[in-house]
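Order of the sequence lines sets the chain letters (A, B, ...), proteins ahead of strands, with each chain counted from 1.
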Amino acid sequence: QLQESGPGLVKSSETLSLTCIVSSVSIGPNDHYWAWIRQSPEKGLEWIGSINFRGSTSYTPSLRSRVTMSVDTANNRFSLELTSVTAADTAVYYCARHSGSEGGQRWFDPWGQGTLVTVSS
Amino acid sequence: QSVLTQPPSVSGAPGQRITISCTGSSSNIGAGYDVHWYQQLPGTAPRLLIYGNNNRPSGVPDRFSGSKSDTAASLAITGLQADDEADYYCHSFDRSLHAYVFGPGTEVTVL
């Protein structure tokens with residue numbers, strides 16, 4: 001239902017760009033949010049941010065200065081941009097539906113299969 | 001270091017019951033935020049196992065159950081099976097960090 005796409009290799013200091021194509025369910029209008037999560041051996045699972053069909057976003061504070069999420073309801077997809085990447089941004093990036101009725105109580109389901117992004121020097 | 005604490009590993013024999021703890025604080029679990037659990041099989045994406053502390057999505061066997069009390073939560077697996085070998089993660093929201101947070105994960109081994 002969710003599929004990540006984008007480059008698997010990004011150069012240090014450049015911008016990481018990923019897209020999540022959503023199928024079998026509409027991005028909106030509905031109550032869902034749509035999220036990006038990454039996983040690395042060093043940091044484990046880390047929520048990056050979430051967006052709804054109106055484009056309302058919330059980002060994790062530690063990445064807020066470098067993250068931009070956008071939504072394309074016409075094509076049922078949403079995207080992530082992470083600027084000024086370093087080796088610490090090397091991770092498997094997942095997109096997921098951020099379900100639930102209240103902020104702070106939401107869960108992630110389903111998840112995309114994930115895509116490995118490596119930051120090279 | 002995560003604000004949610006889990007044991008690094010738990011093991012049990014086939015058919016046994018095991019529990020995985022997830023310990024938080026007054027900023028997350030103790031503040032009333034729900035706990036959710038995910039199972040990650042090797043080489044795959046995490047899969048939702050329990051949402052809203054104790055609810056199972058359709059398709060998840062009733063061998064899996066969740067509970068929450070004060071600043072902690074637990075995932076129980078009964079009738080342990082070989083294909084339960086995976087990493088298990090708890091997840092909640094932290095109001096001090098203003099972020100959704102995950103535990104470090106617990107590796108389950110079936111002896």
### Flag for S24(A)-Q1(A): side-chain donor and acceptor within less than 3.5 Å
no

### Residue selection (most heavy-atom pairs with chain B, distance under 4.5 Å) from V92(A), D109(A), L45(A)
L45(A)

### Message
Between Y89(B) and F108(A) (judged by ring centroids, cut-off 6.0 Å), do the two rings come close enough to count as a pair?
### Response
no

### Message
Within the 3.5 Å criterion, strictly below it, is a donor on R97(A) or S99(A) matched to an acceptor on the partner's side chain?
### Response
yes

### Mutual orientation of the aromatic rings belonging to Y94(A) and W111(A) [parallel < 30°, tilted 30-60°, perpendicular > 60°]
perpendicular

### Task
For the pair Q6(B) (side chain) and G105(B) (backbone), establish whether a donor and an acceptor sit closer than 3.5 Å, ignoring hydrogens and angles.
yes

### Message
Under 4.5 Å from any heavy atom of chain B, what part of E46(A) do you find: side chain, backbone, both or neither?
### Response
backbone

#### Entry: Region of Q113(A) that comes under 4.5 Å of a non-hydrogen atom in chain B
backbone

### P104(B), part contacting chain A, at a heavy-atom distance under 4.5 Å
neither

#### Entry: Engaged part of Y100(B) at the chain A interface, taking heavy atoms whose separation is under 4.5 Å
both

### Message
Does any backbone or side-chain atom of H91(B) lie under 4.5 Å from a heavy atom of chain A? Answer side chain, backbone, both or neither.
### Response
side chain

